[in-house]
Amino acid sequence: MLWTIAWRNVWRNRRRSALTLATIVLAVVLGLLMRSMQYGQYGAMIDSTVARTGHVQVFGEGYWDNKSLDRSIHASAETLERVNSVAGVADAVPRLESFALISFGERTKPSGVIGTNPEIEDRYTALAGRIVEGRYLEVGERGIILLRSLASYLGAGIGDDVVLLGGGYRGQTAADLLPVVGIFDYTLMGNLETGLAYVPLDAARELYATPPDQVTSLSVMLDDGDAIDRTAETLQRELGNEFDVMTWRETSPEVVQGIQSDSVGGIFMLAILYVVAGFGLLGTVLMSTMERRREFGVMNAVGMRKGRLAFVLFMETLVLVFVGVVLGLIVSVPIITWFHYNPIPVTGDLAAVFEQFNVPPYMPFSVDLGIFLAQGFVVLVMALIVASFPIVSIRRLHIMRAITGR
Amino acid sequence: MPVIDARDVYKTYEGSGVPVHAVNGISFAVEKGEFTAVIGPSGCGKTTLLNMVGGLDSITKGEIYIGGTQIDSMSEAELTDFRLKRIGFVFQAYNLIPVLTAKENIEFIMELQGIPADERAVRSRELLAEVGIADQADKRPGLMSGGQQQRVAVARALASKPEFVLADEPTANLDSHATSDLLDLMAEMNANSGVTFVFATHDQRVIDRARRVIALDDGKIVSDTNAG
Ligand SMILES: Nc1ncnc2c1ncn2[C@@H]1O[C@H](COP(=O)(O)OP(=O)(O)OP(=O)(O)O)[C@@H](O)[C@H]1O
Ligand SMILES: [Mg+2]
């Protein structure tokens, strides 16, 4: 009967109930869509970062602060075996990278020259797909692929031999002549002043005059992106102090900061959204409590305990919110799921920004359960706060004053 | 043992400004089966007295026993339970629950008492028949006349089989026809089932039908007469 009373009271003021419900539904839908979009975006940024750096990177001791070839490490088969045998490690991408001047004819440009295993590299960064002219590198070959802007600056084309000149391992000179086999387009963050080129690992070792098996970094890919810190610790322990193990968060703090500051903005928006919805709900709840004061007085007079009365009112609010949340989910889950599998393509200026951050030009929506749980928690807290107000007014209820309206 | 036994009861409203001594040392007892009217000029303390006896308002000084149980020192929750089980109320403004039908308004009390659904259904039908509005069972109060609503209120008051029914100005909102019908009904219940009624009233028709009349003035009893 108590539920009957609650239910009929909802219908007694149909328009107000509907409006309140709509407010909750709207808040839930907007909140979820916004967060899902943000988290999807963050996920894409992290994915593209991790593709470049790995979840975890292994360097020689001190390499991060002083990126010298002299701090490169000997990645013997035994070392790689040790890395790969750590639980949760999926793969390790070896790279040997430094800088060199690349010249062709009259023109010269300082460039990053990265030695990598073409096969493994492509698996994570999809570098082969970036080739716009010529072909991708083959394992073990002596050849180089150039960033498009570098190639056009130099005026070098496919088949041309470019000269590389720079500092090598332990004070030696890095000098080589390599044929251009391909041109790629791959915009890295802030990498506009200098050029960029890839060569197979062994060609890089020859260029920089390092011993065999030498690398400047191992980018370690994990099976589970959530186990980063634990795996990094294990790796560090396993490898010892000659190695520095760093997570992508440490090597790409700008990405972490970007996500954090954007997320704070999102949370601020959410806070506004829920405060507005919360006050809307509070208004309804207070009004309906006030309108029914006489009724409550009568119920209390004829023998319904205040505690029970307060409980029923409390539940009325929670049910209203619950219905709102369920409706909100019914509306937003299909939308989010749809855009998760069919991300909105981004065009124009925004696409350029995405490209600059190496993020595919799509708005992916995250279906992370955490988003739903977090929103659910926020709504629950809001509902509990709002639902407590009638309890206070029931506690203060004076039967005769309520009945006589004094 | 009297169903109501009030001993030297006082009620002072502090509020703002001067304290109002609404009830000023009243003692009286009501026996089972009485049909009693509390009368007196407006503001003499009738409502205040009934509210204290009904456990709806606190007592400033004195003792009140209902069926031998002292109620003036009970906690709020105890008092609520006590009202539920032992006292029936009829208010001037009917005060039914607007979203419930006549039948549901009666069953509500029984549900609070924990009476099973089938028993509630049977008893509420009986009560509605007894107050003569069996055909209104599924109507909500808003669609009923004042007289009909007050009959539902009487049925509701009897739903918990209380020791007595307190009725504060039960006829004040009714026309003369509805008033005499309601009075017939209550007198009949009093005569046939021995239901004890205590009214607070101005209404001469009620006073005429009462078998005992307690007159108040200024918060004190000035006369207490049995009309027989
Ligand atoms: N809640 C209150 N606060 C302050 N004073 C009150 C309150 N209720 C009643 N009074 C005062 O107490 C006195 C008795 O009031 P009460 O309502 O008991 O009179 P009554 O006999 O029922 O009058 P009426 O015939 O008009 O219903 C009056 O002077 C009234 O103003
Ligand atoms: Mg009165």
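Just so we're on the same page: letters track the sequence lines, and every chain starts at 1.
- Using a distance-only test at 3.5 Å, with no hydrogens or angles considered, a donor-acceptor pair links the side chain of B/Arg83 to the main chain of A/Asn300.
- Your options are A/Leu2, A/Ile403, A/Ile399, A/Val298, and the one with the most heavy-atom pairs under 4.5 Å with chain B is A/Val298.
- Atom CE of A/Met1 has more than 12 heavy atoms from other residues, nucleotides or ligands within 6.0 Å.
- By the 6.0 Å contact criterion, CZ on A/Phe389 is open, its count of non-hydrogen atoms from other residues, nucleotides or ligands being 12 or less.
- Proximity to chain B (any heavy atom under 4.5 Å) is restricted, for A/Arg12, to the side chain, taken from C-beta onward.
- Within residues 119-133 of chain B, no residue approaches chain A closer than 4.5 Å by heavy atoms.
- Environment of CZ in B/Phe82: crowded, with over 12 heavy atoms of neighbouring residues, nucleotides or ligands closer than 6.0 Å.
- Contact annotation for residues 139-166 of chain B against chain A (heavy-atom separation below 4.5 Å, listed by residue number): B/Arg140, B/Arg156.
- Within a 6.0 Å sphere centred on OH of B/Tyr13, heavy atoms belonging to other residues, nucleotides or ligands number more than 12.
- Within residues 41-80 of chain B, the residues having any heavy atom less than 4.5 Å from a heavy atom of chain A are, in residue-number order, B/Asn51, B/Leu56, B/Asp57, B/Glu76, B/Ala77, B/Thr80.
- Contacts with chain A (heavy atom to heavy atom, under 4.5 Å) involve these residues of residues 85-118 of chain B, listed by number: B/Phe89, B/Phe91, B/Ala93, B/Asn95, B/Ile97, B/Pro98, B/Val99, B/Leu100, B/Thr101, B/Glu104, B/Glu107, B/Phe108, B/Ile109, B/Glu111, B/Leu112.
- In this structure, the portion of A/Arg308 lying under 4.5 Å from any heavy atom of chain B is its side chain and not its backbone.
- Annotation: A/Arg395, atom CZ; neighbour count of heavy atoms from other residues, nucleotides and ligands within 6.0 Å does not exceed 12.
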